[in-house]
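What follows is a set of notes on a single structure, which appears directly below.
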There are 2 protein chains.
Amino acid sequence: MKQKKIEAILSTAQKMFGRYGLQKTNLEEVAHMARVAKATIYNYFENKNAIYKEVLKTEADALLNKISQSVSRELSPKDKLTSFIKAKFSHMKKSVNILKVIKMGRERALIEERMICEYLFEKEVNIIHSILYEGVEKGVFHINNTLLSSRAIGESLRGFELNLSVRDNSDNFKNSLNELTQIVCSGIMAEKARLKA
Amino acid sequence: MKQKKIEAILSTAQKMFGRYGLQKTNLEEVAHMARVAKATIYNYFENKNAIYKEVLKTEADALLNKISQSVSRELSPKDKLTSFIKAKFSHMKKSVNILKVIKMGRERALIEERMICEYLFEKEVNIIHSILYEGVEKGVFHINNTLLSSRAIGESLRGFELNLSVRDNSDNFKNSLNELTQIVCSGIMAEKARLKA
DNA sequence: ATTGTACTATAATACGATTTAAGTCTAAAA
DNA sequence: TTTTAGACTTAAATCGTATTATAGTACAAT
(Lines give C-alpha, C1' and ligand atoms only; values in the text may rest on other atoms or scores of the structure.)
Protein backbone atom coordinates (compact mmCIF):
# COMPACT_ATOMS: atom_id res chain seq x y z
CA MET A 1 0.00 0.00 0.00
CA LYS A 2 2.67 2.45 1.09
CA GLN A 3 4.81 1.71 -1.92
CA LYS A 4 1.86 2.02 -4.29
CA LYS A 5 1.10 5.51 -3.02
CA ILE A 6 4.68 6.62 -3.24
CA GLU A 7 4.92 5.38 -6.78
CA ALA A 8 1.69 7.13 -7.74
CA ILE A 9 2.98 10.36 -6.28
CA LEU A 10 6.33 10.09 -8.02
CA SER A 11 4.96 9.15 -11.39
CA THR A 12 2.40 11.92 -11.53
CA ALA A 13 4.94 14.37 -10.16
CA GLN A 14 7.29 13.29 -12.91
CA LYS A 15 4.71 14.15 -15.55
CA MET A 16 3.79 17.45 -13.97
CA PHE A 17 7.38 18.56 -13.43
CA GLY A 18 8.14 17.56 -16.99
CA ARG A 19 5.29 19.68 -18.32
CA TYR A 20 5.32 22.72 -16.05
CA GLY A 21 8.66 22.64 -14.31
CA LEU A 22 9.38 22.65 -10.59
CA GLN A 23 7.87 26.02 -9.79
CA LYS A 24 4.67 25.87 -11.79
CA THR A 25 3.80 22.42 -10.54
CA ASN A 26 1.09 22.44 -7.90
CA LEU A 27 1.34 19.77 -5.23
CA GLU A 28 -2.37 20.03 -4.49
CA GLU A 29 -3.00 19.08 -8.10
CA VAL A 30 -0.40 16.34 -7.94
CA ALA A 31 -2.15 14.93 -4.91
CA HIS A 32 -5.48 15.02 -6.67
CA MET A 33 -4.16 13.37 -9.83
CA ALA A 34 -2.33 10.73 -7.84
CA ARG A 35 -5.58 10.09 -5.90
CA VAL A 36 -3.86 10.80 -2.66
CA ALA A 37 -4.29 13.40 0.02
CA LYS A 38 -1.79 16.21 0.21
CA ALA A 39 -0.98 15.14 3.74
CA THR A 40 0.08 11.77 2.39
CA ILE A 41 2.59 13.44 0.15
CA TYR A 42 4.06 15.21 3.15
CA ASN A 43 4.00 11.98 5.05
CA TYR A 44 6.52 10.51 2.60
CA PHE A 45 8.47 13.54 1.42
CA GLU A 46 10.15 16.37 3.25
CA ASN A 47 9.06 19.01 0.79
CA LYS A 48 8.55 19.81 -2.88
CA ASN A 49 12.25 19.88 -3.67
CA ALA A 50 12.67 16.44 -2.18
CA ILE A 51 10.04 15.07 -4.54
CA TYR A 52 11.69 16.80 -7.45
CA LYS A 53 15.07 15.41 -6.48
CA GLU A 54 13.59 11.94 -6.19
CA VAL A 55 12.00 12.28 -9.63
CA LEU A 56 15.32 13.29 -11.15
CA LYS A 57 17.10 10.47 -9.36
CA THR A 58 14.54 7.97 -10.55
CA GLU A 59 14.88 9.16 -14.13
CA ALA A 60 18.65 8.96 -13.90
CA ASP A 61 18.57 5.45 -12.48
CA ALA A 62 16.04 4.29 -15.06
CA LEU A 63 18.29 5.61 -17.80
CA LEU A 64 21.35 3.97 -16.28
CA ASN A 65 19.47 0.70 -16.05
CA LYS A 66 18.41 0.82 -19.67
CA ILE A 67 21.97 1.55 -20.70
CA SER A 68 23.38 -1.24 -18.55
CA GLN A 69 20.88 -3.69 -19.97
CA SER A 70 21.69 -2.75 -23.55
CA VAL A 71 25.40 -3.00 -22.87
CA SER A 72 25.14 -6.36 -21.20
CA ARG A 73 23.34 -7.81 -24.20
CA GLU A 74 26.48 -7.36 -26.29
CA LEU A 75 29.49 -9.64 -26.19
CA SER A 76 32.45 -7.75 -27.59
CA PRO A 77 33.69 -4.62 -25.85
CA LYS A 78 33.43 -2.73 -29.10
CA ASP A 79 29.79 -3.62 -29.46
CA LYS A 80 29.25 -2.78 -25.82
CA LEU A 81 30.62 0.70 -26.29
CA THR A 82 28.56 1.24 -29.44
CA SER A 83 25.50 -0.01 -27.66
CA PHE A 84 26.21 2.26 -24.71
CA ILE A 85 26.11 5.34 -26.89
CA LYS A 86 23.05 4.21 -28.82
CA ALA A 87 21.15 3.34 -25.66
CA LYS A 88 22.11 6.51 -23.86
CA PHE A 89 20.68 8.76 -26.52
CA SER A 90 17.67 6.73 -27.45
CA HIS A 91 16.48 6.38 -23.87
CA MET A 92 17.44 9.86 -22.81
CA LYS A 93 14.48 11.31 -24.67
CA LYS A 94 12.23 9.81 -22.02
CA SER A 95 14.09 11.47 -19.18
CA VAL A 96 12.12 14.67 -19.67
CA ASN A 97 13.12 16.33 -16.45
CA ILE A 98 16.80 15.62 -16.87
CA LEU A 99 16.62 16.84 -20.45
CA LYS A 100 15.06 20.03 -19.21
CA VAL A 101 17.91 20.63 -16.83
CA ILE A 102 20.47 20.01 -19.53
CA LYS A 103 18.77 22.36 -21.95
CA MET A 104 18.43 25.11 -19.37
CA GLY A 105 22.13 25.34 -18.75
CA ARG A 106 23.93 25.20 -15.45
CA GLU A 107 23.88 28.90 -14.82
CA ARG A 108 20.45 28.84 -13.20
CA ALA A 109 20.36 25.20 -12.17
CA LEU A 110 19.50 24.25 -8.60
CA ILE A 111 22.01 22.42 -6.49
CA GLU A 112 19.79 19.35 -6.66
CA GLU A 113 19.82 19.49 -10.45
CA ARG A 114 23.55 19.86 -10.71
CA MET A 115 24.09 17.03 -8.30
CA ILE A 116 21.92 14.67 -10.30
CA CYS A 117 23.67 15.61 -13.54
CA GLU A 118 27.00 14.99 -11.87
CA TYR A 119 25.74 11.69 -10.49
CA LEU A 120 24.48 10.58 -13.89
CA PHE A 121 27.73 11.55 -15.52
CA GLU A 122 29.86 9.70 -12.99
CA LYS A 123 27.76 6.56 -13.31
CA GLU A 124 27.99 6.71 -17.08
CA VAL A 125 31.72 7.08 -16.87
CA ASN A 126 31.78 4.06 -14.60
CA ILE A 127 29.96 1.99 -17.18
CA ILE A 128 32.26 3.20 -19.93
CA HIS A 129 35.20 2.42 -17.74
CA SER A 130 34.09 -1.13 -17.14
CA ILE A 131 33.72 -1.58 -20.90
CA LEU A 132 37.16 -0.16 -21.62
CA TYR A 133 38.72 -2.22 -18.85
CA GLU A 134 37.22 -5.41 -20.19
CA GLY A 135 38.39 -4.47 -23.66
CA VAL A 136 41.93 -4.01 -22.47
CA GLU A 137 41.81 -7.30 -20.55
CA LYS A 138 40.65 -9.08 -23.65
CA GLY A 139 43.33 -7.43 -25.72
CA VAL A 140 40.97 -5.74 -28.15
CA PHE A 141 41.46 -2.25 -26.76
CA HIS A 142 44.80 -0.57 -26.41
CA ILE A 143 44.49 2.09 -23.73
CA ASN A 144 47.06 3.41 -21.29
CA ASN A 145 44.77 5.01 -18.78
CA THR A 146 41.28 3.52 -18.97
CA LEU A 147 39.96 5.87 -16.31
CA LEU A 148 41.08 8.93 -18.16
CA SER A 149 39.79 7.58 -21.45
CA SER A 150 36.36 6.87 -20.06
CA ARG A 151 36.09 10.40 -18.72
CA ALA A 152 37.16 11.78 -22.06
CA ILE A 153 34.59 9.73 -23.93
CA GLY A 154 31.94 10.70 -21.42
CA GLU A 155 32.70 14.37 -21.85
CA SER A 156 32.70 14.12 -25.60
CA LEU A 157 29.17 12.75 -25.51
CA ARG A 158 27.97 15.76 -23.54
CA GLY A 159 28.17 17.85 -26.66
CA PHE A 160 25.53 15.67 -28.24
CA GLU A 161 23.15 15.92 -25.35
CA LEU A 162 22.49 19.55 -26.14
CA ASN A 163 21.20 18.66 -29.57
CA LEU A 164 18.81 16.01 -28.40
CA SER A 165 15.52 17.79 -28.67
CA VAL A 166 16.80 21.02 -30.07
CA ARG A 167 18.47 20.51 -33.35
CA ASP A 168 17.75 20.67 -37.02
CA ASN A 169 17.87 17.36 -38.75
CA SER A 170 17.61 14.26 -36.63
CA ASP A 171 19.52 12.25 -39.23
CA ASN A 172 22.32 14.73 -39.02
CA PHE A 173 22.52 14.08 -35.31
CA LYS A 174 22.49 10.32 -35.69
CA ASN A 175 25.12 10.37 -38.40
CA SER A 176 27.45 12.56 -36.39
CA LEU A 177 27.02 10.39 -33.35
CA ASN A 178 27.65 7.21 -35.33
CA GLU A 179 30.71 8.76 -36.87
CA LEU A 180 32.12 9.74 -33.49
CA THR A 181 31.44 6.23 -32.26
CA GLN A 182 33.40 4.86 -35.17
CA ILE A 183 36.29 7.23 -34.63
CA VAL A 184 36.49 6.54 -30.93
CA CYS A 185 36.28 2.79 -31.43
CA SER A 186 39.03 2.87 -34.02
CA GLY A 187 41.00 5.14 -31.74
CA ILE A 188 41.08 2.75 -28.84
CA MET A 189 41.18 -0.56 -30.65
CA ALA A 190 44.39 -2.52 -30.77
CA GLU A 191 46.00 -2.97 -34.18
CA LYS A 192 45.07 -6.59 -34.72
CA ALA A 193 41.48 -6.14 -33.65
CA ARG A 194 41.28 -3.04 -35.77
CA LEU A 195 42.46 -4.75 -38.93
CA LYS A 196 39.89 -7.46 -38.50
CA ALA A 197 36.98 -5.00 -38.26
CA MET B 1 38.59 58.59 -37.56
CA LYS B 2 35.39 56.74 -38.31
CA GLN B 3 37.02 53.40 -37.76
CA LYS B 4 38.63 54.52 -34.52
CA LYS B 5 35.25 55.49 -33.08
CA ILE B 6 33.62 52.27 -34.12
CA GLU B 7 36.39 50.29 -32.54
CA ALA B 8 36.17 52.30 -29.35
CA ILE B 9 32.45 51.68 -29.17
CA LEU B 10 32.80 47.98 -29.83
CA SER B 11 35.61 47.39 -27.41
CA THR B 12 33.95 49.16 -24.51
CA ALA B 13 30.64 47.52 -25.37
CA GLN B 14 32.41 44.18 -25.31
CA LYS B 15 33.64 44.82 -21.80
CA MET B 16 30.29 46.10 -20.58
CA PHE B 17 28.27 43.28 -22.12
CA GLY B 18 30.77 40.84 -20.69
CA ARG B 19 30.32 42.24 -17.21
CA TYR B 20 26.65 43.13 -17.05
CA GLY B 21 25.05 41.31 -19.95
CA LEU B 22 23.00 42.74 -22.76
CA GLN B 23 20.15 44.10 -20.68
CA LYS B 24 22.01 45.68 -17.81
CA THR B 25 24.45 47.44 -20.09
CA ASN B 26 23.68 51.14 -20.46
CA LEU B 27 24.48 52.67 -23.84
CA GLU B 28 24.75 56.13 -22.36
CA GLU B 29 27.50 54.81 -20.14
CA VAL B 30 29.11 52.99 -23.05
CA ALA B 31 29.13 56.24 -25.00
CA HIS B 32 30.74 58.05 -22.10
CA MET B 33 33.40 55.39 -21.56
CA ALA B 34 34.15 55.22 -25.26
CA ARG B 35 34.44 59.05 -25.28
CA VAL B 36 31.81 59.30 -27.90
CA ALA B 37 28.36 60.85 -28.08
CA LYS B 38 25.39 58.57 -27.90
CA ALA B 39 24.28 59.91 -31.28
CA THR B 40 27.53 58.62 -32.73
CA ILE B 41 26.71 55.15 -31.57
CA TYR B 42 23.36 55.36 -33.32
CA ASN B 43 25.09 56.75 -36.36
CA TYR B 44 26.96 53.49 -36.79
CA PHE B 45 24.61 50.95 -35.30
CA GLU B 46 20.96 50.24 -35.84
CA ASN B 47 20.27 49.53 -32.18
CA LYS B 48 21.59 47.91 -29.04
CA ASN B 49 21.10 44.40 -30.35
CA ALA B 50 23.09 45.20 -33.46
CA ILE B 51 26.03 46.27 -31.30
CA TYR B 52 25.71 43.14 -29.26
CA LYS B 53 25.59 40.99 -32.35
CA GLU B 54 28.66 42.75 -33.71
CA VAL B 55 30.50 42.19 -30.43
CA LEU B 56 29.69 38.49 -30.55
CA LYS B 57 30.68 38.27 -34.20
CA THR B 58 33.97 40.04 -33.47
CA GLU B 59 34.70 37.67 -30.62
CA ALA B 60 33.92 34.70 -32.82
CA ASP B 61 36.11 35.91 -35.64
CA ALA B 62 38.95 36.72 -33.29
CA LEU B 63 38.74 33.21 -31.91
CA LEU B 64 38.62 31.68 -35.37
CA ASN B 65 41.65 33.72 -36.38
CA LYS B 66 43.64 32.58 -33.39
CA ILE B 67 42.73 29.01 -34.12
CA SER B 68 43.62 29.30 -37.80
CA GLN B 69 46.94 30.85 -36.94
CA SER B 70 47.81 28.12 -34.47
CA VAL B 71 46.79 25.44 -36.94
CA SER B 72 48.78 26.94 -39.79
CA ARG B 73 51.93 26.91 -37.69
CA GLU B 74 51.90 23.13 -37.65
CA LEU B 75 53.03 20.95 -40.50
CA SER B 76 51.47 17.52 -40.06
CA PRO B 77 47.69 17.11 -40.14
CA LYS B 78 47.85 15.34 -36.82
CA ASP B 79 49.64 18.25 -35.21
CA LYS B 80 47.22 20.62 -36.87
CA LEU B 81 44.26 18.86 -35.33
CA THR B 82 45.89 18.76 -31.93
CA SER B 83 46.74 22.41 -32.21
CA PHE B 84 43.18 23.21 -33.26
CA ILE B 85 41.79 21.77 -30.07
CA LYS B 86 44.42 23.36 -27.87
CA ALA B 87 43.96 26.75 -29.45
CA LYS B 88 40.18 26.61 -29.38
CA PHE B 89 40.01 26.09 -25.66
CA SER B 90 42.90 28.28 -24.63
CA HIS B 91 41.62 31.27 -26.57
CA MET B 92 37.98 30.71 -25.82
CA LYS B 93 38.43 31.98 -22.28
CA LYS B 94 38.82 35.47 -23.73
CA SER B 95 35.56 35.31 -25.61
CA VAL B 96 33.63 36.33 -22.55
CA ASN B 97 30.35 37.10 -24.25
CA ILE B 98 30.32 33.88 -26.24
CA LEU B 99 31.19 31.96 -23.11
CA LYS B 100 28.28 33.61 -21.36
CA VAL B 101 25.89 32.47 -24.06
CA ILE B 102 27.21 28.93 -23.91
CA LYS B 103 26.89 28.79 -20.15
CA MET B 104 23.38 30.18 -20.18
CA GLY B 105 21.99 27.41 -22.33
CA ARG B 106 20.01 27.76 -25.53
CA GLU B 107 16.66 27.78 -23.85
CA ARG B 108 16.70 31.49 -23.18
CA ALA B 109 19.16 32.51 -25.87
CA LEU B 110 18.32 35.27 -28.33
CA ILE B 111 18.18 34.54 -32.01
CA GLU B 112 21.34 36.60 -32.47
CA GLU B 113 23.13 34.52 -29.90
CA ARG B 114 22.10 31.23 -31.42
CA MET B 115 23.09 32.41 -34.85
CA ILE B 116 26.56 33.37 -33.72
CA CYS B 117 27.03 30.04 -31.95
CA GLU B 118 25.93 28.28 -35.10
CA TYR B 119 28.25 30.42 -37.18
CA LEU B 120 31.19 29.73 -34.92
CA PHE B 121 30.47 26.03 -34.97
CA GLU B 122 30.21 25.87 -38.74
CA LYS B 123 33.46 27.74 -39.19
CA GLU B 124 35.20 25.48 -36.73
CA VAL B 125 33.91 22.46 -38.57
CA ASN B 126 35.24 23.99 -41.78
CA ILE B 127 38.69 24.30 -40.28
CA ILE B 128 38.57 20.76 -38.97
CA HIS B 129 37.40 19.60 -42.35
CA SER B 130 40.28 21.22 -44.16
CA ILE B 131 42.66 19.52 -41.74
CA LEU B 132 41.05 16.13 -42.23
CA TYR B 133 40.96 16.56 -45.99
CA GLU B 134 44.63 17.41 -46.10
CA GLY B 135 45.35 14.42 -43.90
CA VAL B 136 43.54 12.09 -46.25
CA GLU B 137 45.29 13.59 -49.26
CA LYS B 138 48.64 13.05 -47.60
CA GLY B 139 47.71 9.52 -46.70
CA VAL B 140 48.11 9.95 -42.95
CA PHE B 141 44.37 9.95 -42.20
CA HIS B 142 42.02 7.20 -43.17
CA ILE B 143 38.52 8.66 -43.34
CA ASN B 144 35.59 7.74 -45.51
CA ASN B 145 33.52 10.84 -45.11
CA THR B 146 35.67 13.79 -44.03
CA LEU B 147 32.70 16.10 -43.82
CA LEU B 148 30.84 13.83 -41.47
CA SER B 149 33.93 13.23 -39.40
CA SER B 150 34.63 16.90 -38.97
CA ARG B 151 31.08 17.50 -37.76
CA ALA B 152 31.39 14.61 -35.34
CA ILE B 153 34.63 15.93 -33.92
CA GLY B 154 33.18 19.41 -33.69
CA GLU B 155 30.18 18.14 -31.76
CA SER B 156 32.31 16.10 -29.43
CA LEU B 157 34.21 19.23 -28.44
CA ARG B 158 31.02 20.99 -27.47
CA GLY B 159 30.82 18.87 -24.36
CA PHE B 160 34.05 20.40 -23.16
CA GLU B 161 32.92 23.96 -23.71
CA LEU B 162 30.48 23.66 -20.84
CA ASN B 163 33.26 22.92 -18.41
CA LEU B 164 35.45 25.83 -19.43
CA SER B 165 34.88 28.22 -16.58
CA VAL B 166 32.60 26.02 -14.54
CA ARG B 167 34.35 22.91 -13.50
CA ASP B 168 36.25 21.49 -10.62
CA ASN B 169 39.82 20.80 -11.38
CA SER B 170 41.35 22.49 -14.38
CA ASP B 171 43.89 19.69 -14.75
CA ASN B 172 41.08 17.22 -14.96
CA PHE B 173 39.68 19.17 -17.87
CA LYS B 174 43.01 19.38 -19.67
CA ASN B 175 43.70 15.71 -19.20
CA SER B 176 40.33 14.64 -20.51
CA LEU B 177 40.69 16.91 -23.50
CA ASN B 178 44.17 15.62 -24.25
CA GLU B 179 42.95 12.10 -23.94
CA LEU B 180 40.09 12.69 -26.35
CA THR B 181 42.52 14.31 -28.75
CA GLN B 182 44.68 11.22 -28.59
CA ILE B 183 41.76 8.88 -29.13
CA VAL B 184 40.40 10.84 -32.05
CA CYS B 185 43.80 11.12 -33.68
CA SER B 186 44.40 7.41 -33.33
CA GLY B 187 40.91 6.80 -34.61
CA ILE B 188 41.39 8.60 -37.87
CA MET B 189 45.04 7.84 -38.54
CA ALA B 190 45.97 5.35 -41.20
CA GLU B 191 47.66 2.17 -40.00
CA LYS B 192 51.16 3.01 -41.16
CA ALA B 193 51.10 6.53 -39.81
CA ARG B 194 49.66 5.19 -36.58
CA LEU B 195 52.40 2.66 -36.05
CA LYS B 196 55.05 5.30 -36.54
CA ALA B 197 53.56 7.59 -33.89
C1' DA C 1 31.35 63.59 -38.97
C1' DT C 2 30.44 64.44 -34.23
C1' DT C 3 28.50 66.44 -30.43
C1' DG C 4 25.22 67.95 -26.67
C1' DT C 5 20.76 68.41 -25.47
C1' DA C 6 16.18 67.92 -25.34
C1' DC C 7 12.60 64.88 -26.25
C1' DT C 8 9.40 60.65 -26.66
C1' DA C 9 8.00 56.18 -25.92
C1' DT C 10 8.83 51.93 -24.23
C1' DA C 11 10.60 48.85 -21.11
C1' DA C 12 12.45 48.01 -16.51
C1' DT C 13 11.71 48.64 -11.69
C1' DA C 14 9.48 49.30 -7.23
C1' DC C 15 6.00 48.45 -4.26
C1' DG C 16 1.82 47.62 -2.02
C1' DA C 17 -2.40 44.76 -2.50
C1' DT C 18 -4.04 40.32 -3.59
C1' DT C 19 -3.89 35.66 -4.50
C1' DT C 20 -1.79 31.34 -4.69
C1' DA C 21 0.21 27.53 -2.90
C1' DA C 22 3.72 25.30 0.34
C1' DG C 23 3.75 23.23 4.46
C1' DT C 24 1.44 22.12 9.26
C1' DC C 25 -2.04 20.38 12.27
C1' DT C 26 -6.00 17.82 13.72
C1' DA C 27 -9.85 15.01 14.14
C1' DA C 28 -12.26 11.61 11.79
C1' DA C 29 -12.46 7.66 8.48
C1' DA C 30 -10.57 3.51 6.45
C1' DT D 1 -1.72 2.59 11.85
C1' DT D 2 -2.26 4.85 7.69
C1' DT D 3 -4.86 7.94 5.09
C1' DT D 4 -7.89 11.56 4.45
C1' DA D 5 -10.33 16.15 4.19
C1' DG D 6 -10.17 20.40 5.52
C1' DA D 7 -8.85 24.31 8.20
C1' DC D 8 -4.97 27.04 8.99
C1' DT D 9 -0.42 29.83 8.71
C1' DT D 10 2.91 31.85 6.22
C1' DA D 11 5.87 32.65 2.51
C1' DA D 12 6.07 33.29 -2.10
C1' DA D 13 4.10 34.33 -6.60
C1' DT D 14 1.16 37.35 -9.15
C1' DC D 15 -0.96 41.58 -10.28
C1' DG D 16 -1.82 46.43 -10.84
C1' DT D 17 -0.03 50.75 -10.73
C1' DA D 18 3.11 54.44 -10.02
C1' DT D 19 7.81 55.60 -10.98
C1' DT D 20 12.02 55.57 -13.10
C1' DA D 21 15.44 54.46 -16.48
C1' DT D 22 16.91 54.22 -20.80
C1' DA D 23 16.54 52.99 -25.81
C1' DG D 24 16.10 55.43 -29.65
C1' DT D 25 15.10 60.08 -32.32
C1' DA D 26 15.48 64.90 -33.74
C1' DC D 27 18.09 68.81 -34.31
C1' DA D 28 20.86 72.71 -33.91
C1' DA D 29 25.77 73.63 -33.22
C1' DT D 30 30.55 72.57 -34.09
Side-chain angles (χ1 to χ4, degrees), chain A residues 1-58 97 100-101 104 107-113, chain B residues 1-58 97 100-101 104 107-113 115-116:
Chain A
M1 200 58 213
K2 268 176 67 166
Q3 205 53 35
K4 268 269 180 265
K5 301 258 175 198
I6 293 178
E7 277 166 27
I9 294 166
L10 283 177
S11 86
T12 69
Q14 199 236 2
K15 284 168 203 144
M16 299 283 278
F17 286 143
R19 273 205 265 286
Y20 311 115
L22 173 62
Q23 211 169 55
K24 298 252 179 195
T25 291
N26 183 341
L27 281 196
E28 209 118 27
E29 206 180 336
V30 170
H32 188 75
M33 287 179 69
R35 313 202 174 210
V36 148
K38 191 165 70 152
T40 308
I41 292 184
Y42 282 97
N43 188 30
Y44 292 117
F45 299 94
E46 265 293 298
N47 50 37
K48 204 184 185 186
N49 275 327
I51 305 175
Y52 182 58
K53 193 177 171 182
E54 194 68 23
V55 165
L56 286 176
K57 178 79 159 61
T58 306
N97 288 288
K100 253 193 175 186
V101 175
M104 271 222 319
E107 202 68 329
R108 46 185 48 241
L110 304 176
I111 317 101
E112 287 98 337
E113 295 173 329
Chain B
M1 200 60 211
K2 270 174 67 165
Q3 205 52 35
K4 268 267 178 268
K5 302 258 175 195
I6 294 178
E7 276 166 28
I9 294 166
L10 284 176
S11 87
T12 68
Q14 199 238 2
K15 282 168 205 147
M16 300 283 278
F17 286 141
R19 271 205 266 287
Y20 310 115
L22 173 61
Q23 211 170 56
K24 298 252 179 196
T25 292
N26 184 342
L27 282 197
E28 210 116 29
E29 205 179 337
V30 171
H32 191 255
M33 285 178 72
R35 313 204 174 206
V36 148
K38 191 166 69 151
T40 308
I41 292 184
Y42 281 97
N43 188 30
Y44 291 115
F45 299 94
E46 265 293 298
N47 51 38
K48 204 183 184 185
N49 275 327
I51 305 175
Y52 182 57
K53 194 177 171 183
E54 194 68 24
V55 164
L56 287 176
K57 178 79 159 61
T58 305
N97 288 286
K100 253 194 174 184
V101 174
M104 272 221 318
E107 201 69 330
R108 47 185 48 243
L110 303 177
I111 317 102
E112 287 96 336
E113 294 173 329
M115 279 178 58
I116 286 293

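Chain letters run A, B, ... following the sequence lines, proteins first, then strands; residues in each count from 1.
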What distance separates [X] [atom1] from [Y] [atom2], expressed to the nearest 0.5 Å?
X	Y	atom1	atom2	value
Glu54(A)	Gln14(A)	CD	CD	12.0 Å
Phe17(B)	Leu56(B)	CZ	CG	8.5 Å
Met16(A)	Asn26(A)	CE	CG	6.5 Å
Lys15(A)	Met33(A)	NZ	CE	7.0 Å

Verify, without hydrogens or angle tests, whether [X] (side chain) and [Y] (backbone) share a donor-acceptor contact under 3.5 angstrom.
X	Y	answer
Lys38(B)	Leu27(B)	no
Lys53(B)	Met115(B)	no
Lys48(B)	Leu22(B)	yes

**Prompt:** What does Phe45(A) touch in the nucleic acid at a heavy-atom separation under 4.0 angstrom: a base, only the sugar-phosphate, or nothing?
**Reply:** nothing
Can I get a per-line list of side-chain donor-acceptor pairs under 3.5 Å for residues 5-12 of chain A, giving both atom names and the distance, sequence neighbours left out?
| residue | atom | partner | partner atom | Å |
| --- | --- | --- | --- | --- |
| Thr12(A) | OG1 | Ala8(A) | O | 3.3 |
| Thr12(A) | OG1 | Ile9(A) | O | 3.2 |

Span of DNA chain D engaged by chain B, first through last nucleotide within the 4.0 Å heavy-atom cut-off, is dT22(D) to dT25(D)
Quick tally for nucleotides 19-24 of chain C: nucleotides whose base has a protein heavy atom under 4.0 Å get B, sugar-phosphate-only ones S, the rest -, giving --SBBB
